[in-house]
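Okay, so here's the structure we're looking at.
Residue numbers start at 1 and run along the sequence shown.
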Amino acid sequence: MIWSLGSRMAVLSLLLLGGLWSAVGASNTAVVTCGSVVKLLNTRHNVRLHSHDVRYGSGSGQQSVTGVTSVDDSNSYWRIRGKTATVCERGTPIKCGQPIRLTHINTGRNLHSHHFTSPLSGNQEVSAFGEEGEGDYLDDWTVLCNGPYWVRDGEVRFKHSSTDVLLSVTGEQYGRPISGQKEVHGMAQPSQNNYWKAMEGIFMKPSELLRAEVHHAEL
């Protein structure tokens, strides 16, 4: 089920019907799970991963992906899903080294990359692609982290599964019509510019069995 066509409130209402693990009061070492809807913060530049129905004027011409400083913008919500052509059951903890898709809630397009040049820095373009959550294999990103699972208080990197670039921000800033937003792109080399952290959102609660497996893996 893809929640791309309704309003933000409709999306959150659907999630509330499914059983949640709220960010409030959750353990600092809580795992990040499939089906969760989150904002992702670039910890070096303090911007959240963002998209909107604004297309690049060069390169692929696909929907642009940027970084914004605003905490409250609903265009910064992404749903965590299994890689292309797979289903990751809701509440399944994300393993370090696991490929995933990130689907933009408000437009239904997936975080995507390919061999186009980004408009400001000349790195690899990152865009949003597909319709109603369905795109192609270039939507897959591998979660790089320490330990067995992606945890909420941990920093992670996202490596594009096909081209091996890392999701990054280096500070280049757009002018109109998206003044002040930062370029998001892919970089070949690891650095402080490619660290991300799960922030605000709705975190799907793991099943009792999955929680037991996570606890065993952490011992």
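Two different hydrophobic clusters hold V165 and L111 under the rule that ILVMFWY side chains link at heavy-atom gaps under 4.5 Å. There is no path of hydrophobic side-chain contacts, each under 4.5 Å, that joins Y195 to F158. Following chains of ILVMFWY side-chain contacts shorter than 4.5 Å, one cannot reach L138 starting from L167, and the two form parts of different hydrophobic clusters. V151 and L144 fall into different hydrophobic clusters, where Ile, Leu, Val, Met, Phe, Trp and Tyr are joined by side-chain heavy atoms under 4.5 Å apart, directly or via other members. L49 and V156 fall within a single hydrophobic cluster, where Ile, Leu, Val, Met, Phe, Trp and Tyr side chains are chained together by heavy-atom contacts under 4.5 Å.
H112 places no side-chain N or O within 3.5 Å of a backbone atom of F129 that could act as its donor or acceptor partner. Judged by distance alone, the side chain of H104 and the main-chain N or O of H52 form no donor-acceptor pair under 3.5 Å. Within the 3.5 Å criterion, the main-chain N or O of S191 finds a donor-acceptor partner in the side chain of R157. Side chain of K197 to main chain of T43: no donor-acceptor pair is present (N/O by atom type, distance under 3.5 Å, no hydrogens or angles). In this structure, W141 contributes its side chain and L102 its backbone to no donor-acceptor pair below 3.5 Å.
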*Does the salt bridge (charged side-chain N to carboxylate O under 4.0 Å, His left out) test come out yes or no for E125 and R55, once each step is laid out?*
CA-CA 12 Å; E125 183 189 276; R55 294 183 177 271; over 6 Å; no
*Check the pair I94 / V31 against side chain to side chain contact (heavy atoms under 4.5 Å, CB included), numbers first and verdict last.*
CA-CA 7 Å; I94 302 295; V31 293; over 6 Å; no
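By the 4.5 Å side-chain criterion applied to Ile, Leu, Val, Met, Phe, Trp and Tyr, V68 is assigned to no cluster and stands alone.
A donor-acceptor contact under 3.5 angstrom links the side chains of D140 and T84, judged on distance only. Between the side chains of H185 and S168, no donor-acceptor pair is found at a separation under 3.5 Å.
Judged as a disulfide bond (SG atoms under 2.5 Å apart), the pairs with a partner in residues 95-174 (not counting sequence neighbours) are, in order, C96-C145.
For the pair N123 and G186, the tightest heavy-atom approach, listed with the atom from each and the gap, is CB-O, 3.4 Å. The nearest pair of heavy atoms linking A198 to V32 is CB-CG2, 4.4 Å. When all heavy atoms of T33 and G91 are compared, the closest pair comes out as CG2-O, 3.5 Å. Residues S51 and Q63 come closest through the heavy atom pair OG-NE2, 2.9 Å. Taking both residues in full, the closest heavy atoms of S70 and R48 are given as O-CD, 3.7 Å, listed atom of the first, atom of the second, then distance. When every heavy atom of N194 is checked against every heavy atom of Q189, the shortest pair comes out as ND2-O, 3.4 Å.
With rounding to the nearest 0.5 Å, the separation of CE in M204 from SG in C88 is 11.5 Å. If you take CH2 on W78 and NE2 on H50, they are separated by 9.0 Å, rounding to the nearest 0.5 Å. Here CD of Q181 is found 9.0 Å from CG of N75. Values are rounded to the nearest 0.5 Å. To the nearest 0.5 angstrom, I80 atom CD1 is 6.5 Å from L40 atom CG. Here R109 contributes atom CZ and D139 contributes atom CG; the two are 11.5 Å apart, rounded to the nearest 0.5 Å. How far CD of E131 is from OG1 of T107: 8.5 Å, rounded to the nearest 0.5 Å.
Under a cut-off of 6.0 angstrom, the local environment of CG in D164 is crowded, with over 12 non-hydrogen atoms contributed by other residues, nucleotides or ligands.
Relative ring orientation between Y174 and Y56 is described as tilted, the plane-to-plane angle lying within the 30° to 60° band.
At a threshold of 4.5 Å between non-hydrogen side-chain atoms, the residues W196 and V169 count as touching.
We find that K182 and E172 are not joined by a salt bridge, their nearest charged nitrogen and carboxylate oxygen being 4.0 Å or further apart.
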